[in-house]
Protein chains: 2
Amino acid sequence: MSNIIDTEKLDEKSTKALTNKVIVKPRGRPLAFNQEDALESALQVFWSRGYEGASMAELADALGVNKPSIYATFGNKEALFRKVLAQYLAGPVAYAAEAMNEPTAYKVVEKFLTCSAALLSNPDNPRGCMIVQGALTCGQGSTMIQQELIGYRKNYENVLSQRFELAKTQGDLPAHVNAKSLAKYIATIHQGLSVQATGGASKDELMTVIDMALKNWPTT
Amino acid sequence: MSNIIDTEKLDEKSTKALTNKVIVKPRGRPLAFNQEDALESALQVFWSRGYEGASMAELADALGVNKPSIYATFGNKEALFRKVLAQYLAGPVAYAAEAMNEPTAYKVVEKFLTCSAALLSNPDNPRGCMIVQGALTCGQGSTMIQQELIGYRKNYENVLSQRFELAKTQGDLPAHVNAKSLAKYIATIHQGLSVQATGGASKDELMTVIDMALKNWPTT
DNA sequence: TGATTTATTTACCATTTGGTACAAAATTAT
DNA sequence: ATAATTTTGTACCAAATGGTAAATAAATCA
């Protein structure tokens, strides 16, 4: 009997050690809010208002929680924004990374821009892309976040560029094409679409712009 | 003698009435700062920081003047921003209105985008276009300005559209072209270029994007 | 010279900002 | 039951926000 119990305890311990998932109930007062739901709510606020436009008071209100709980859980405003950003990339704009797996460069771009148009014009979402508009301009205290977002934009431009280089080796993109320039062109379109969405452009309107932008796709 | 003096006085009065320009020295203590220079300085601050990112303290500092003088002269922050906006339109981006006078739709767009690239990449200027980025996202207290800038963007899109309609009647743009869509496409490119400029894109890079965007200009 | 007019300066206002100290509440471990 | 641990709620902080009252300075008018 005691042997069985001991074995079970060992099992639980080793499981915990292996998976690194704590099954043991935490010691103190339990958290009153779901962390993922909170990030989702915070996303809505940061997405619609931008980094500086979102105040901690409004965030706390949206999460249905008091400020000290936010600080205890996420650190400070910058840290919360970064976690929200990760949530944003893993959720609403996960299609961006997935699009790179399309078989040809053209299909990559088509999927990337089409999904962007859908996201940007979805009335359930705040208007505009958070990576593009989260902190384009800002006060002296937010230049850090501003630069980080510039880095994110540079990054997806680079990812596109590398995908185009691959396409050149695979033959679905002409060898003479400048991958970096094509990537910057696509990024420019995407960023313009974001501004258009903020102005209330519909999905049809965004799609029409995309069609025009892709009419000059390099073929020969 | 007295007659001559009277005549002069009358002359002065009527001149003032006609031209509505007061030659008479103002009565109280003279202004300690030049109003146009002040607007120029304020433009630099609003241009680089956006509407919300620019604080009255920073503005006062840039103008080399105390806050009460700003309020006495321009009203409040919103009013100052609007005057700065007018200055911006009449100065740095005056080319936008001028571009509409180009003889063909293509040349209109070419001039508009080329001048935009020059302005956006000029190291003497803050990065990005103020109409595009002045208040893309903002806190609850600035939605008025945000909407006004959306209006400005809609407006230049409309101006482009009307110019394209004219071009269709003049024959330098095919009749089947959708002027509104083409205008939205050009506006999207311009807005994307603005974001790119904020990320540090060079004039050459912007021009390359423009070249790609205009490769599919409707010809037949 | 004064009286009047206007602008500047200083000092302040209420509100909001991001952030926190601290005590009370809610849970587990003993 | 009680100790230990953790989170919550209240109440607060200094600094910054947009904006202003009031005294003072500099000019014109009589």
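Chain letters run A, B, ... following the sequence lines, proteins first, then strands; residues in each count from 1.
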Between dT8(C) and Ser69(B), is there an OP1 or OP2 to side-chain N/O distance shorter than 4.0 Å?
yes
Under a plain distance cut-off of 3.5 Å, with no hydrogens placed, do Gln35(B) and Thr73(B) share a side-chain donor-acceptor pair?
no
With side-chain hydrogen bond (donor to acceptor under 3.5 Å, both in side chains) as the criterion, how do Tyr51(A) and Thr137(B) come out once you've worked through the C-alpha distance, each side chain's angles and the decisive distance to 0.1 Å?
CA-CA 9 Å; Tyr51(A) 175 70; Thr137(B) 61; over 6 Å; no
What's the [atom1]-[atom2] distance between [X] and [N], to the nearest Å?
X: Phe74(A); N: dG19(C); atom1: CZ; atom2: C1'; answer: 16 Å
X: Gln140(A); N: dA15(D); atom1: CD; atom2: P; answer: 17 Å
X: Ile70(B); N: dG19(D); atom1: CD1; atom2: C1'; answer: 11 Å

Ordered by number, residues from residues 46-66 of chain A within less than 4.0 Å of DNA chain C (heavy atoms) are Ala54(A), Ser55(A), Met56(A)
Just wondering, more than 12 heavy atoms not from Lys111(B) lying within 6.0 Å of its NZ?
yes
Taking the side chain as every heavy atom from C-beta outward, state whether Glu98(A) and Cys115(A) have any atom pair closer than 4.5 Å.
no
Nearest-nucleotide comparison on DNA chain C, the residue closer to the 5′ end among Ala72(B) and Glu78(A):
Ala72(B)
Residue of the set Leu89(A), Leu149(A), Asn125(A), Val84(A) for which side chain to side chain contact (heavy atoms under 4.5 Å, CB included) holds with Met130(A)
Val84(A)
Donor-acceptor check, side chain of Asn122(B) to backbone of Asp124(B), threshold 3.5 angstrom: yes or no?
yes
Evaluate the criterion side-chain contact (heavy atoms from CB on, under 4.5 Å) for residue pair Leu80(B) and Phe46(B); output intermediate values, then yes/no.
CA-CA 10 Å; Leu80(B) 174 60; Phe46(B) 275 127; 3.9 Å; yes
Could you pull out all donor-acceptor pairs under 3.5 Å where a side-chain atom in residues 180-188 of chain A meets a protein atom, sequence neighbours excluded?
| unit_1 | atom_1 | unit_2 | atom_2 | d |
| --- | --- | --- | --- | --- |
| Lys184(A) | NZ | Glu157(A) | OE2 | 2.9 |
| Lys184(A) | NZ | Gln196(B) | OE1 | 3.1 |
| Tyr185(A) | OH | Ala213(A) | O | 2.8 |
| Tyr185(A) | OH | Tyr185(B) | OH | 3.4 |
| Thr188(A) | OG1 | Lys184(A) | O | 2.6 |

If a protein heavy atom is under 4.0 Å from the base, mark B; if only from the sugar-phosphate, S; if neither, -; do that for nucleotides 20-30 of chain D going 5' to 3'.
BB---BBBSS-
